[in-house]
Amino acid sequence: MTAKKEKFYITTPIFYVNDKAHLGHAYTVIVSDIIARWHRLRGDDVFFLTGTDEHGEKIVKAAEEKREDVKAFVEKLAGTYKSCWKSLNISNDDFIRTTEKRHEDVVFKFIEAMGKNGDLYKGEYEGWYCVPDETFFTDLQLKDGRCPVCGREVQRLKEESYFFRLSKYQNRLLEYYDNNREFLSPNFRSTEIINRVKGGLKDLSITRKSVKWGIPFPIDRRHSIYVWVEALINYLSALGWHSEKEELFWPADVHMVGKEINWFHSVIWPAMLFSAGLEPPKKVFAHGWWTVDGQKMSKSVGNVVDPIAMSGKYSVDALRYFLVREIPLGDDGDFSEKALGLRLNNELAADLGNLAYRVLSIAEKFDGSIGGEPELEASLEMEKIVDDMQALNLSGAIETVWRYIKACNKYVNDKKPWELKGKELSNVLYNLLESLRIISILISPFMPDTSEKLNLQLGVGHGTLKDAKFGTFNGKIKKGEYLFRKIEP
Ligand code: MSP
């Protein structure tokens, strides 16, 4: 009997189409891609979703500034996201846009379900609004009269609005957090959320009468649905309302998000799902920010790094590797080309590139049959890698792979294969070629291009996680170029 495949559903936030993607955006998508690829390697049935958030005031303003028609503007920007993710080798299974009909259809059904549950009512909103963050704030929440998240100016709002009874779900949320200790991840960010929820939840204004660029509120079409409420529903609308796909993939296994949007995903979204009679996701993982000289990378600060320019200069895989290796997932990190260059030279070129080149050069000239005893296997900390990947400790996992690469390089230095012949050489090559084959599997989620190149040089096919152990080496060596070239500092 074959075991049933496990399903795995991972999402990225959907990106505002007010401008093209910068490195901070690329980061969310790259880490999600690595996790999705890892689960495919395990043989899971994976659904990996990304997309664009196309409604709301912020987008209208951006289009107006460019003097473009908003529809044409979002169309163009959504296209730039798609092509950017393609260039970065992102393996998403779907790309949802909130201006698509399939999204709107599910949003209506969702809102109706919330209404049927008695969770929506009409009232008046009075308070502050930050357009760049599309977020409401109370007087108390403001910091020196400005947005507490981005520090920009806020506007005063006073208008008729429909509300969601978020307050009703306080206890249910706290219970859910308590029973699902993995939900609020990383753990060090959970206390803040729990304390805020314990402090009390105010009902949420979920419609805007003055915003026209949005999905109409089905209960009163003079209003449009608050962009965040509608955007969160993308995670379901990509599956279809009560569809087979929803049955298979919902609840999501991981919503990967940046820390500034954790509240929406960890509090508002699960409460909305409770209200609509659906299960909350299993995990919301809030990662940190990339900064430049200590300041969050963002369009308004004017310090954004272009992921396409970086990948063009250093290679897509060097960029992907650097972003996950440099900071533990969850922490903030400062971006610099110097740090990227150092990792490219010292780790990708000197450790991995060199190992492959040295081994393949000797193996290509060897005409005996390759076989022996797996002497290097003990250095491969497979369990640790698997555990770390499962815990989303991506930097830990790749670091452990690197320890193995270093162990292989040391083995080459100790065994001096260039001085060996016959059976002894066959044994050393067996260990090193099998190691390279396994390394290629393990790095494939992080650096898919490099893994593919290495497979071609080894003359082996794509492996799965099950193949990441010593067996017989059946490749046909065809040494190619160095996997990575050093760059001038
Ligand atoms: N549209 C909302 C998300 C809706 S999800 C239902 C949004 N969009 S965004 O384009 O502003 O941001 C998308 C993602 O990019 C967020 O996860 C955010 O944290 C991430 N990043 C934006 N700047 C970043 C850095 N400087 N560093 C790391 N990630 C950052 O929010």
Side-chain angles (χ1 to χ4, degrees), residues 10-33 49-59 62 74 77-78 80-81 84-85 88 90 95-99 103 106-107 110 130-135 147 149-150 152 189 214-215 225-238 252 254-270 272-273 281 284-307 310 322-324 326-335:
I10 181 165
T11 67
T12 75
I14 49 173
F15 298 88
Y16 287 129
V17 286
N18 58 321
D19 209 336
K20 59 187 197 323
H22 63 62
L23 193 79
H25 302 132
Y27 180 63
T28 313
V29 176
I30 288 173
V31 296
S32 305
D33 184 59
L49 177 70
T50 187
T52 40
D53 194 351
E54 306 190 0
H55 287 130
E57 271 186 276
K58 176 187 175 109
I59 308 297
V74 300
L77 266 291
T80 66
Y81 272 90
C84 183
W85 297 163
L88 297 175
I90 304 302
F95 189 102
I96 183 103
R97 298 179 52 194
T98 55
T99 49
H103 176 65
V106 173
V107 170
F110 198 104
C130 171
V131 176
D133 288 312
E134 298 282 15
T135 305
C147 170
V149 177
C150 69
R152 282 173 283 205
R189 267 195 239 288
I215 297 183
I225 303 169
Y226 170 40
V227 62
W228 257 105
V229 161
E230 173 231 305
L232 286 162
I233 301 172
N234 91 87
Y235 302 130
L236 269 173
S237 58
V254 179
H255 287 318
M256 184 59 66
V257 301
K259 64 181 177 180
E260 80 282 16
I261 56 174
N262 196 11
W263 180 259
F264 287 101
H265 286 84
S266 296
V267 180
I268 296 173
W269 178 227
M272 282 170 60
L273 286 158
V284 172
F285 194 103
H287 67 70
W289 288 342
W290 280 97
T291 56
V292 178
D293 300 326
Q295 258 196 309
K296 186 190 179 207
M297 190 184 296
S298 82
K299 170 84 193 316
S300 63
V301 180
N303 60 353
V304 295
V305 174
D306 177 4
M310 282 305 125
F322 173 75
L323 290 177
V324 284
E326 185 75 359
I327 52 169
L329 191 61
D331 291 0
D332 292 343
D334 208 55
F335 181 84

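Just follow the structure's listing: the first ligand is 1, and inside any ligand the first atom is 1.
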For this session: Run the numbers for me: atoms of ligand 1, each under 4.0 Å from some heavy atom of Trp290, listed by number.
Result: 25 (C), 26 (N), 27 (N), 28 (C)
Exercise. Do the ring planes of Trp85 and Phe15 sit parallel (below 30°), tilted (30 to 60°) or perpendicular (above 60°)?
Worked result: perpendicular
Exercise. Mind checking whether Trp228 has an N or O less than 3.5 Å away from an N or O of ligand 1?
Worked result: no
For this session: Indicate the atoms forming the closest heavy-atom contact of Asp133 with Cys147, along with that distance.
Result: OD2-SG, 3.4 Å
For this session: Please state whether His287 comes within less than 4.0 angstrom of ligand 1, counting heavy atoms only.
Result: yes
Problem set entry | Donor-acceptor under 3.5 Å (Thr291 side chain, Gly333 main chain) | yes
Problem set entry | Gly288: numbered ligand 1 atoms lying under 4.0 Å from its heavy atoms | 28 (C)
Exercise. Would you say ligand 1 has an N or O under 3.5 Å from any N or O of Leu232?
Worked result: no
For this session: Could you tell me if any non-hydrogen atom of His22 lies under 4.0 Å from any atom of ligand 1?
Result: yes
For this session: Can you pull out the closest protein heavy atom to atom 29 (N) of ligand 1? Residue, atom name and distance to 0.1 Å, please.
Result: Gly24 O, 3.2 Å
For this session: To the nearest 0.5 Å, tell me how far Met272 CE sits from Leu232 CG.
Result: 5.5 Å
Exercise. Could an N or O of ligand 1 be found under 3.5 Å from any N or O of Tyr27, whether backbone or side chain?
Worked result: no
Problem set entry | Considering all heavy atoms, the nearest Lys299-Val304 contact | N-CG1, 3.5 Å
Problem set entry | Atoms in ligand 1 flagged as close to His265, the criterion being non-hydrogen separation under 4.0 Å | 5 (S), 6 (C)
Problem set entry | N or O contact, Phe15 vs ligand 1, cut-off under 3.5 Å | no
Seminar exercise, completed: Atoms of ligand 1 under 4.0 Å from any heavy atom of Thr28, numbered from 1 in the order shown, are 14 (C), 15 (O), 17 (O), 20 (C)
Problem set entry | Exam field: side chain Thr98 to backbone Asp53, donor-acceptor pair closer than 3.5 Å | no
Exercise. Which heavy atom in Asp332 sits nearest to a heavy atom in Gly288, and how many Å separate them?
Worked result: OD1-CA, 3.3 Å
Exercise. Where is the nearest protein heavy atom to atom 7 (C) of ligand 1: which residue, which atom, and how far?
Worked result: Tyr16 CE1, 3.4 Å
For this session: Answer yes or no: is there a donor N or O on one side and an acceptor on the other, between the side chain of Glu134 and the main chain of Glu57, under 3.5 Å?
Result: yes
Exercise. Tell me, which protein residue and heavy-atom name are nearest atom 17 (O) of ligand 1, and how many Å apart are they?
Worked result: Gly258 N, 2.9 Å
Exercise. With a 4.0 Å heavy-atom cut-off (strictly under), which part of Phe264 contacts ligand 1: side chain, backbone, both or neither?
Worked result: neither
For this session: Identify, for atom 3 (C) of ligand 1, the protein heavy atom at the shortest distance, and state residue, atom and that distance.
Result: Ile14 O, 3.2 Å
Exercise. Nearest to atom 18 (C) of ligand 1, what protein heavy atom do you find, and at what distance?
Worked result: Glu260 OE2, 3.1 Å
For this session: Using modelled atom types only, decide if a donor and an acceptor are shared between the side chain of Asn303 and the backbone of Ser298 within a distance under 3.5 Å.
Result: yes
Exercise. How close do Ser32 and Thr12 get, heavy atom to heavy atom, and via which atoms?
Worked result: OG-CG2, 3.5 Å
Problem set entry | Sub-3.5 Å N/O-N/O distance, Asn234 and ligand 1 | no
Problem set entry | Per-atom contacts of ligand 1 with Asp53, taking only distances under 4.0 Å to non-hydrogen atoms | 1 (N), 2 (C), 4 (C)
Problem set entry | His265/Tyr235 aromatic ring centres below 6.0 Å | yes
Exercise. N/O to N/O below 3.5 Å, does that happen between Ala231 and ligand 1?
Worked result: no
Exercise. Can any side-chain N or O of Arg152 pair as donor or acceptor with the backbone N or O of Val131 at less than 3.5 Å?
Worked result: no
Problem set entry | ligand 1 to Tyr235 polar contact by distance, N or O atoms, under 3.5 Å | no
Exercise. Roughly how far apart are Ile327 CD1 and Phe322 CZ, rounded to 0.5 Å?
Worked result: 8.5 Å
Exercise. Which residue owns the protein heavy atom closest to atom 12 (O) of ligand 1, what's the atom, and how far is it?
Worked result: His25 CD2, 3.9 Å
